[in-house]
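Letters A, B, ... mirror the listed sequences (proteins, then strands); counts begin at 1.
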Number of protein chains: 2
Amino acid sequence: MAPGILSVEPVVAKNGVTDGINNKTTLNKPSKEHDIILKTFRLLISDLCQQFNGGHPGGAIGMAAIGIALWKYVMRYAPHTPDFFNRDRFVLSNGHTCLFQYAFLHLAGYRDMTMDQLKSYHSKRWDSICPGHPEIEIEGIEVTTGPLGQGVANAVGLAIATKNLAATYNRPGYDVISNHTWCMIGDACLQEGVALEAISFAGHLKLNNLTVIYDNNQITCDGSVDLTNTEDVNTKMSACGWNVINVEDGCYDVGGIVAALERARASTDKPTFINVKTIIGLDSAVAGQAEAHGAAFGVDDVKRMKQAYGFNPEEQFVVGDEVRQFFSELPSRGEQVVSRWNELVDRYARAYPDIAQNFQQRLDGKLPSHWKTLVPSPESLSDKPMATRASSGLMVNPLAKAINSFVVGTADLSPSVNMAWDGKEDFQHPDLRTTCGINGSYAGRYIHYGVREHAMCAISNGLAAFAPGTFIPVTSSFFMFYLYAAPAVRMGALQQLQVIHAATHDSIGMGEDGPTHQPIELAALYRSMPNLLYIRPADSEETAGAWIAAIEAKDVSSIISTSRHKVPQLKHTRRDGVAKGAYVVQEDDDAQLTLIGVGAELSHALDAATVLRESKDILCRVVSFPCQRLFEGQSSEYKRDTLRRHIGIPAIIIEPYAPNGWERYANAGINVKRFGHSLPGPEAYKYFGLDVNSIVSKVQDYLMRIREDEALKGEFVDL
Amino acid sequence: MAPGILSVEPVVAKNGVTDGINNKTTLNKPSKEHDIILKTFRLLISDLCQQFNGGHPGGAIGMAAIGIALWKYVMRYAPHTPDFFNRDRFVLSNGHTCLFQYAFLHLAGYRDMTMDQLKSYHSKRWDSICPGHPEIEIEGIEVTTGPLGQGVANAVGLAIATKNLAATYNRPGYDVISNHTWCMIGDACLQEGVALEAISFAGHLKLNNLTVIYDNNQITCDGSVDLTNTEDVNTKMSACGWNVINVEDGCYDVGGIVAALERARASTDKPTFINVKTIIGLDSAVAGQAEAHGAAFGVDDVKRMKQAYGFNPEEQFVVGDEVRQFFSELPSRGEQVVSRWNELVDRYARAYPDIAQNFQQRLDGKLPSHWKTLVPSPESLSDKPMATRASSGLMVNPLAKAINSFVVGTADLSPSVNMAWDGKEDFQHPDLRTTCGINGSYAGRYIHYGVREHAMCAISNGLAAFAPGTFIPVTSSFFMFYLYAAPAVRMGALQQLQVIHAATHDSIGMGEDGPTHQPIELAALYRSMPNLLYIRPADSEETAGAWIAAIEAKDVSSIISTSRHKVPQLKHTRRDGVAKGAYVVQEDDDAQLTLIGVGAELSHALDAATVLRESKDILCRVVSFPCQRLFEGQSSEYKRDTLRRHIGIPAIIIEPYAPNGWERYANAGINVKRFGHSLPGPEAYKYFGLDVNSIVSKVQDYLMRIREDEALKGEFVDL
């Protein structure tokens with residue numbers, strides 16, 4: 001047996017596994033051994049929902065046998081060492097069935113997940129670790145799920161992580177990385193676009209270390225799945241490059257499920273889709289109905305279930321000795337797995353000291369200490385105009401080339417986003433060399449995600465969630481298409497995952513592609529999203545600062561938002577200024593006004609200040625403001641010194657986005673409050689009044705207006 | 001021949017059409033007749049891109065033969081009556097190939113699309129009707145496309161519109177609605193989640209009046225599609241319930257394409273997917289390569305192409321007489337179609353005067369004049385607490401029941417969103433009655449979209465785009481999941497389509513589902529999105545106002561954002577106050593402060609004001625602020641009178657969202673700047689300091705702070 005491989009007692013499948021389609025749910029009797037476990041589990045779930053008369057019991061109950069198969073027989077993990085690096089990853093994509101996972105974590109012996117905690121589900125306890133959906137902070141939970149479809153894509157990311165680490169570090173006889181990723185989904189995940197994108201991509205990548213287990217209960221909130229989905233799921237999965245296995249009786253046939261799972265783990269060529277027929281809310285009065293999905297069953301029905309099961313209807317939360325006994329071996333079995341793996345890694349370190357050192361660095365989640373020296377220095381930067389998307393490549397390419405934590409991908413915009421470095425290798429199944437002439441391997445770290453922005457970001461969350469700091473995923477696309485990806489970007493921020501999004505073509509300056517491609521309102525979303533840095537650098541120097549800030553921010557996601565078009569290199573921009581969110585680039589003690597410039601339009605502010613001073617005798621200070629959230633983290637003294645509004649100097653923000661949120665920092669705005677227009681970039685700036693001439697006249701206009709109406713200074717004025 | 005059916009010369013397919021898979025691209029010689037058309041078209045596209053050295057020539061060139069088949073032989077439309085109601089709809093989902101459509105509109109005789117306009121593609125002309133992606137405002141363009149995948153879903157909406165109108169209005173011998181929807185897509189659309197959702201749903205609905213034409217050139221920006229997608233597309237489509245037809249030689253075989261298109265139109269049972277093999281940038285130096293996608297070919301190569309084609313390399317934009325002649329019949333043929341249809345409708349009006357009157361109302365895009373009386377009056381409203389999601393149903397259900405312009409759908413949340421009215425009929429293929437026991441028909445107006453939020457909104461855009469005012473689509477889901485749908489909501493707003501989104505569970509008050517389901521930052525997106533009303537009503541009366549405002553706003557989309565939990569019915573709320581965006585609900589001439597309450601938390605503001613007055617001797621005015629954009633439309637007098645900040649009364653905004661944007665209206669905020677927490681609603685309000693007690697103490701704190709530091713009044717303070 002290979003080191004790190006857990007021994008599992010052989011389990012015989014009982015005609016429960018078939019290939020192909022046309023299943024019928026024929027309910028087997030459970031084996032005696034599992035009967036009491038299944039009943040105990042189902043009643044526990046019913047009780048947990050009943051106590052506060054809420055929650056999602058039906059799915060968890062329907063999946064009970066799947067849970068036994070996973071936690072007792074198939075998954076390799078260690079309840080007392082929950083962060084064991086080579087553990088199998090389990091993702092509950094149908095996160096509303098979280099009690100399924102919480103209860104199995106409890107039974108499997110995870111220490112934090114006490115019965116007391118289980119009972120905190122839907123309670124008023126602020127310190128509950130049983131929230132309404134699984135959260136990554138909890139022992140035994142790999143990713144936060146809930147918004148449907150995300151988990152599938154996260155699981156693809158976790159499986160990619162394993163493949164990449166294995167291809168990079170494993171050596172003959174030393175499979176230091178060999179874990180499998182298991183993802184549980186419901187009918188809904190198979191309808192969500194993000195899951196469909198990820199499924200298609202996982203099939204392309206031939207991720208044989210990934211298994212999706214489909215809780216096929218044919219019920220969603222509205223009723224039968226037939227109301228909205230009558231496709232041939234198995235054939236569709238097969239067309240996407242997946243193995244398909246059916247389990248006819250997912251309610252009782254633990255043995256059949258185990259056999260299917262083990263077959264999935266043994267797949268050599270493809271990811272596996274296990275279609276398991278179950279019954280939602282089995283044995284409740286609403287079994288097989290939508291009513292079982294999102295509400296407790298009612299006191300009387302839970303009592304009735306207990307009577308039918310031979311349990312005392314007056315007792316709650318009963319987990320008998322037989323059940324405890326059944327799961328009791330799991331912690332020690334897990335520790336054996338851990339110690340075998342530790343021994344393996346020790347031997348590996350002796351056999352391959354160099355690579356093992358690098359491996360240890362990945363385990364520790366650390367970048368090489370010299371990483372910052374890889375970012376081009378201020379002195380080395382050209383003074384020629386350059387698109388900040390090009391600057392962005394200039395900064396991250398050497399990092400990505402040298403440091404194998406970086407996994408960089410794009411949603412089919414390689415020629416536009418500049419994220420590909422010299423000599424980069426694609427992450428691809430090596431077979432594609434012969435079948436399609438595509439070069440790459442699983443050791444590659446450049447990912448062609450296809451035109452799948454949403455899956456790209458959700459998969460990157462999975463990569464980042466594999467282990468803290470082991471991967472720094474970078475995604476890239478036009479900024480506008482981060483609206484497609486927004487639910488995944490949000491999930492990354494919510495989980496405090498370090499994912500860096502390189503968003504290009506970030507203002508009306510992107511030009512001819514027109515209003516569908518010109519972001520107006522999107523920055524307002526990302527500036528108000530917690531745990532996320534939205535950074536718009538103004539030139540190469542600020543782009544360096546943006547990447548440094550994003551890499552140093554270990555527990556947030558970042559968007560580095562850059563221009564399609566060339567912008568001048570500015571004299572007083574500073575990378576350490578970016579770290580402060582905003583800073584003065586042009587001071588004037590006699591200034592009447594502060595002009596705030598952002599990103600590609602900072603140069604417009606500086607040029608306007610020059611014209612105002614030289615031609616109109618109006619003195620302006622200029623502030624560069626690449627990141628609101630970083631600025632918010634500064635002291636109030638720094639903030640006041642930077643903006644000087646507290647001593648009565650009004651500030652005007654110049655940015656071709658909706659002004660929403662800038663009112664905090666400015667008294668007036670030269671912004672864009674309507675959708676864009678298809679014009680070459682410079683013409684678009686003119687059209688929307690953001691060229692230098694327009695800015696100059698709007699500033700003059702503002703000064704006149706506040707002279708006439710003093711109260712205007714206290715309001716925000718759209719210029 | 002049925003009235004309204006265009007006669008098409010019979011075209012014989014030349015072995016170009018096959019069922020199944022494994023195509024090979026074998027280039028036939030074009031027929032003599034089409035040879036000159038194809039060459040002229042391809043050179044015209046090359047010239048149009050070359051003039052400003054930009055744009056997307058490759059796809060348009062590859063699809064030339066498809067365009068001839070569509071505009072010359074297959075589509076039923078009228079270039080001189082572009083808004084002919086029963087026209088076939090054409091959607092260019094791969095919108096970056098817009099020159100394909102512009103050039104065929106020009107050749108087919110659309111009057112606005114002059115050669116002069118064609119030449120404005122990528123020019124500095126502000127009045128160009130050839131923007132970088134097709135826009136709905138242009139004659140002959142049905143929907144704005146560009147963000148990939150949207151068009152496919154729009155096409156599904158257009159096809160649903162036809163089915164619903166036909167089932168409602170057609171009578172034996174009077175097929176007043178019989179149009180087909182054609183949708184052109186590229187490789188990328190087949191990767192986007194929104195398209196995959198829509199494809200699955202269209203298959204379920206058996207929309208045999210929908211054809212998707214796949215420009216299968218196997219090239220995206222990054223290179224070969226094999227880099228990222230190696231699935232079996234045809235089998236996948238077939239598993240989703242589509243007919244699949246292959247066209248082997250899509251570059252030249254106009255006849256084969258026509259035969260395939262006609263077979264698709266004749267489909268009786270399913271939508272049709274035509275997989276047409278083409279070569280991107282055919283005959284250019286970069287034919288078949290990614291380089292043909294998004295850049296002009298270069299002056300020399302265009303010259304070389306002209307020489308090879310036997311054209312004068314020095315001439316540009318050449319459309320010869322033979323080509324003009326070929327297309328010349330289309331306008332008059334179209335007018336014949338229109339007049340035959342007009343005659344049909346006249347006879348229909350005599351045969352079925354009642355139904356025809358209603359049909360005419362739909363054609364005119366008008367609601368019955370009494371519609372507002374269907375909204376429950378203030379007097380009729382209960383004074384008992386009610387969730388605003390329930391109020392939302394109360395308002396729109398009678399409208400939807402009585403007025404057949406309303407097509408209401410949900411992303412699998414019927415039990416939660418209250419959008420289903422008594423006796424509603426589902427929009428379903430009638431066959432589902434027998435195959436799945438699902439009731440419904442194409443005349444039904446309640447749509448179970450499944451867990452496909454993004455497609456739901458994109459399909460609704462298609463419904464709204466069918467003809468102005470013919471449909472008022474209503475979507476529904478939890479507010480948080482409008483982040484999934486955001487790209488489609490944006491496209492609706494951009495196109496000024498009246499789509500109303502009923503978003504429920506809209507704050508941390510939604511409770512136990514936790515941070516994945518609790519919106520924090522999402523309102524900032526929608527409040528800054530142009531052409532969109534984001535309305536948060538506070539009680540039943542304001543919910544009435546929200547629906548009235550949304551229905552009266554003909555050229556914007558709206559989100560009506562409601563609570564999961566019960567809220568009290570407030571005394572001074574007014575539906576006409578909602579129309580103004582914000583209004584005073586509690587005045588006090590001696591007030592020190594204004595409290596601004598929004599939606600579900602307006603009652604918190606009112607209760608806090610009471611406690612502050614009665615226990616703390618602090619007098620507060622209270623403003624209800626359901627919609628920022630409606631407020632922005634008011635006079636500056638009204639705005640100042642409502643807020644009174646100009647006379648030095650500070651305002652505090654109370655809303656458990658990120659404050660971004662409220663800084664325009666308030667001096668301080670009791671908001672939420674981090675992600676949510678899984679707790680029962682009232683506990684969540686306490687946890688985040690938005691219960692009445694917390695508000696009272698934060699208000700006191702603020703008053704103390706501004707007494708100590710006057711400058712704070714000029715800044716926005718997070719409390």
Side-chain angles (χ1 to χ4, degrees), chain A residues 122 124 131-133 146-148 188 191-194 196-197 200 204 220-222 226-232 235-236 239-241 412-414 436 438 448 450-452 454 483-484 486-487 494 512-516 521 524-525 528-530 646 658 660-661 663-664 674-675 678 683 711 716, chain B residues 122 124 131-133 146-148 188 191-194 196-197 200 204 220-222 226-232 235-236 239-241 412-414 436 438 448 450-452 454 483-484 486-487 494 512-516 521 524-525 528-530 646 658 660-661 663-664 674-675 678 683 711 716:
Chain A
H122 273 228
K124 296 181 182 180
H133 292 86
L148 295 163
Q191 295 174 29
E192 287 286 8
V194 60
L196 298 174
E197 292 177 5
S200 167
H204 168 77
T220 61
C221 295
D222 275 16
D226 285 345
L227 277 170
T228 193
N229 203 5
T230 41
E231 68 193 16
D232 180 343
T235 302
K236 187 173 171 182
C240 289
D412 190 46
L413 284 168
S414 292
C436 307
I438 301 294
H448 294 278
V451 191
R452 303 181 182 106
H454 196 173
L483 188 58
Y484 273 65
L494 173 59
E512 297 87 347
D513 276 343
T516 58
E521 72 285 29
L525 172 70
S528 47
M529 186 175 282
H646 66 299
N660 305 47
E663 299 94 338
R664 183 181 286 254
R674 39 164 293 194
F675 285 113
S678 172
E683 298 305 312
F716 186 87
Chain B
H122 273 229
K124 297 181 181 179
H133 292 86
L148 294 163
Q191 296 174 28
E192 288 284 8
V194 60
L196 298 174
E197 293 178 4
S200 167
H204 168 77
T220 61
C221 294
D222 274 16
D226 284 345
L227 276 170
T228 193
N229 202 5
T230 41
E231 69 192 14
D232 178 345
T235 302
K236 187 173 172 183
C240 289
D412 191 44
L413 284 168
S414 291
C436 308
I438 301 293
H448 294 279
V451 191
R452 302 182 182 106
H454 196 172
L483 188 60
Y484 274 64
L494 173 59
E512 296 86 346
D513 277 343
T516 57
E521 71 285 28
L525 173 70
S528 47
M529 187 175 281
H646 67 298
N660 305 47
E663 298 95 338
R664 182 181 288 253
R674 39 164 292 195
F675 286 113
S678 172
E683 298 305 312
F716 185 87

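Taking both residues in full, the closest heavy atoms of Thr516(B) and Pro147(A) are given as CB-CD, 3.5 Å, listed atom of the first, atom of the second, then distance. Across every non-hydrogen atom of Cys240(B) and Glu231(A), the tightest pair is SG-OE1, 3.8 Å. Residues Val194(A) and Tyr484(B) come closest through the heavy atom pair CG1-CE2, 4.3 Å. Considering every non-hydrogen atom in both Ser528(A) and Glu521(B), the closest pair reads O-CB, 3.3 Å.
The residue among Gly146(A), Ala658(A), Gly450(A) with the most heavy atom pairs within less than 4.5 Å of chain B is Gly450(A). Taking chain B as the reference chain and counting heavy-atom pairs below 4.5 Å, the highest number among Arg664(A), Lys236(A), His122(A) is found for Arg664(A). The candidate from Ser678(A), Pro131(A), Gly132(A), Pro487(A) with the greatest count of non-hydrogen atom pairs under 4.5 Å with chain B is Pro487(A).
With sequence neighbours excluded, the residues satisfying side-chain contact (heavy atoms from CB on, under 4.5 Å) with Leu148(A) are His96(A), Ala188(A), Cys189(A), Glu192(A), Val451(B). Qualifying salt bridge (Lys or Arg N to Asp or Glu O under 4.0 Å) partners for Glu683(A), counting only residues two or more places apart in sequence or in other chains: Lys686(A), Lys124(B).
Interface remark: Leu196(A) contributes backbone and side-chain atoms alike to the contact with chain B (heavy atom separation under 4.5 Å). When heavy atoms are compared at a cutoff of 4.5 Å, His454(A) approaches chain B solely by way of its side chain, counted from C-beta outward.
Thr235(B) places no side-chain N or O within 3.5 Å of a backbone atom of Ala239(A) that could act as its donor or acceptor partner. For the pair His204(A) (side chain) and Leu227(B) (backbone), a donor-acceptor distance under 3.5 Å is present. Counting only distance, with no hydrogens or angles, the side chain of Asp412(A) and the backbone of Cys221(B) share a donor-acceptor pair below 3.5 Å. The closest donor-acceptor contact from the side chain of His133(A) to the backbone of Asp513(B) lies under 3.5 Å. When atom types are taken as modelled, the side chain of Glu197(A) and the backbone of Gly193(B) share a donor-acceptor pair closer than 3.5 angstrom. The main-chain N or O of Asp222(A) is never found under 3.5 Å from a side-chain atom of Ser414(B) such that the two would form a donor-acceptor pair.
Interatomic distance, Met529(A) CE to Leu525(B) CG, rounded to the nearest 0.5 Å: 9.0 Å.
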Between Thr220(B) and His448(A), is the side-chain contact (heavy atoms from CB on, under 4.5 Å) condition met? List the steps.
CA-CA 11 Å; Thr220(B) 61; His448(A) 294 278; over 6 Å; no

